[in-house]
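Contents: one structure, followed by commentary.
Residue indices begin at 1 and follow the sequence shown. The model shown is predicted, which means the values in this text are computed figures rather than measured ones. When a ligand or atom number is given, it counts from 1 through the structure's own listing order.
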Amino acid sequence: METLDKEKLAGAQAQMPRHVAIIMDGNGRWAKARGLPRAVGHRMGVEAVRRTVRAGIELGIEYLTLYAFSSENWSRPMAEIDDLMGLMKRFIRGDLAELHQSGVRIQVIGDRANVDTELLALMDEARDLTRANTAITLVIAFNYGSRREIAGAARRLAERALNGEIVAADITPEMLSAELDTKGVPDPELLIRTSGELRLSNFLLWQAAYTEFVFLDAFWPDFGRELLVQAVSEYASRSRRFGGLSHRSRA
Ligand code: FPP
């Protein structure tokens, strides 16, 4: 480990976020800058996913949520959608054994509708095989959109109120949280977005109420351990600045 890393990590260790969520942005621009097809950018993006999971385990991060396919991504050309679906299948087929061996627990959040049955079966297999693992929980957000997720939770609470199971006037934020796809997953303390874009893009809107955001200029295929450490260090320094008055201490 380099000295710089050690210093950065020493500061970060005391305030290591339990849950880091990442908007993996910039695959296309990474490829374009090199005169390569967008598909190559996505392929290199998978390499960055591998590096990030390994680094997450090493740093002791408990939950890592990756925005792999948003509900808005359906508006991309069909060839690119097929490419992303294919990459996800290959990732699970090719990496599942090693992820399992490394103690990775895999969960998938998002809408199962419109996702092809072969991919759904692979996601279920990954979830079932890794259910008891404890090194890190990798939450893959696939066909995920926060507004749909929140609307679904509201709908289920409304149905339960209509059935007389609960009283509408007694609905609490915790009850809504428990109806989200992320049920059982703590809210992220840190959210990273790569590629210099400064938006949340319908990602974890409810869960990010108290989250610290770190925006990086690097494109996702260049992401890895070093940038993760940088983002965690930035998070830790903000946390130290607010000390005991940090809003996180209330969570
Ligand atoms: C954003 O780059 C990235 C995506 C829409 C897909 C992210 C998917 C991967 C990194 C690969 C699959 C994931 C896993 C977990 C195996 P962009 O295409 O929007 O880039 P651009 O904004 O530069 O065009």
### Task
Report yes or no: does G26 have a heavy atom closer than 4.0 Å to ligand 1?
yes
#### Entry: Closest protein heavy atom to atom 20 (O) of ligand 1, given as residue, atom name and distance to 0.1 Å
G28 N, 3.0 Å
### Query
So which heavy atom in the protein is nearest atom 10 (C) of ligand 1, and how far is it from that ligand atom?
N27 ND2, 3.5 Å
### Query
Numbering the atoms of ligand 1 from 1, which are under 4.0 Å from a heavy atom of N73?
5 (C)
### Message
At less than 4.0 angstrom from any non-hydrogen atom of M88, what atoms of ligand 1 do you find?
### Response
13 (C), 14 (C), 15 (C), 16 (C)
### Query
Do R34 and W30 meet the cation-pi criteria used here (NZ or CZ under 6.0 Å from the six-membered ring centre, within 45° of the axis)?
yes
### Task
Check ligand 1 against R29 and write out every atom of the ligand that is under 4.0 Å from a heavy-atom position of the residue.
21 (P), 22 (O), 23 (O)
### Message
Does this structure show an ion pair linking R238 with E234, if we count only N-O contacts that are shorter than 4.0 Å?
### Response
yes
### Query
Is it true that E118 and K89 have a side-chain N and a carboxylate O under 4.0 angstrom from each other?
yes
### Task
Using a strict 4.0 Å threshold on nitrogen-to-oxygen distance, state whether D83 and R38 make a salt bridge.
no
### Query
For ligand 1, which atoms sit closer than 4.0 Å to a heavy atom of W220?
10 (C)
### Query
In terms of residue, atom name and distance, what is the protein heavy atom nearest to atom 3 (C) of ligand 1?
M24 O, 3.0 Å
### Summary
Any heavy atom of W30 under 4.0 Å from ligand 1? The part involved is neither
### Message
Please determine whether any non-hydrogen atom of K32 lies less than 4.0 Å from an atom of ligand 1.
### Response
no
#### Entry: A68: numbered ligand 1 atoms lying under 4.0 Å from its heavy atoms
6 (C), 7 (C), 8 (C), 13 (C)
### Task
Among all protein heavy atoms, pick the one closest to atom 12 (C) of ligand 1 and tell me residue, atom and distance.
V46 CG2, 4.0 Å
### Query
Does the distance from a Lys or Arg side-chain N to an Asp or Glu carboxylate O, for R29 and E197, drop under 4.0 Å?
yes
### 4.0 Å heavy-atom contact, R38 with ligand 1
yes
### Query
Does a side-chain N-to-carboxylate-O contact under 4.0 Å join E47 and R50?
yes
## Note on the structure
Counting from 1 in the order shown, the ligand 1 atoms closer than 4.0 Å to a non-hydrogen atom of D25 are 1 (C), 2 (O), 17 (P), 19 (O), 20 (O), 22 (O)
### Check: Y67 N/O within less than 3.5 Å of ligand 1 N/O
no
### Message
Does the plane of the ring in W220 sit parallel, tilted or perpendicular to the ring in F223? Use 30° and 60° as the thresholds.
### Response
parallel
### Task
Answer yes or no: is there an ion pair linking E125 with R93, defined by an N-O contact shorter than 4.0 Å?
no
### Task
Please could you name the atoms of ligand 1 that H42 approaches to less than 4.0 Å, counting only its heavy atoms?
18 (O)
### Query
Among all protein non-hydrogen atoms, which one is nearest to atom 19 (O) of ligand 1, and what is the separation to 0.1 Å?
R76 NH2, 2.7 Å
#### Entry: Presence of salt bridge, R112 and D124, under 4.0 angstrom
yes
### Task
Look at the aromatic rings of H19 and Y63 and report parallel, tilted or perpendicular, splitting at 30° and 60°.
tilted
### Message
Which residue is it: T65, D181, D111? I am looking for the one with a side chain to side chain contact (heavy atoms under 4.5 Å, CB included) to Y144.
### Response
D181
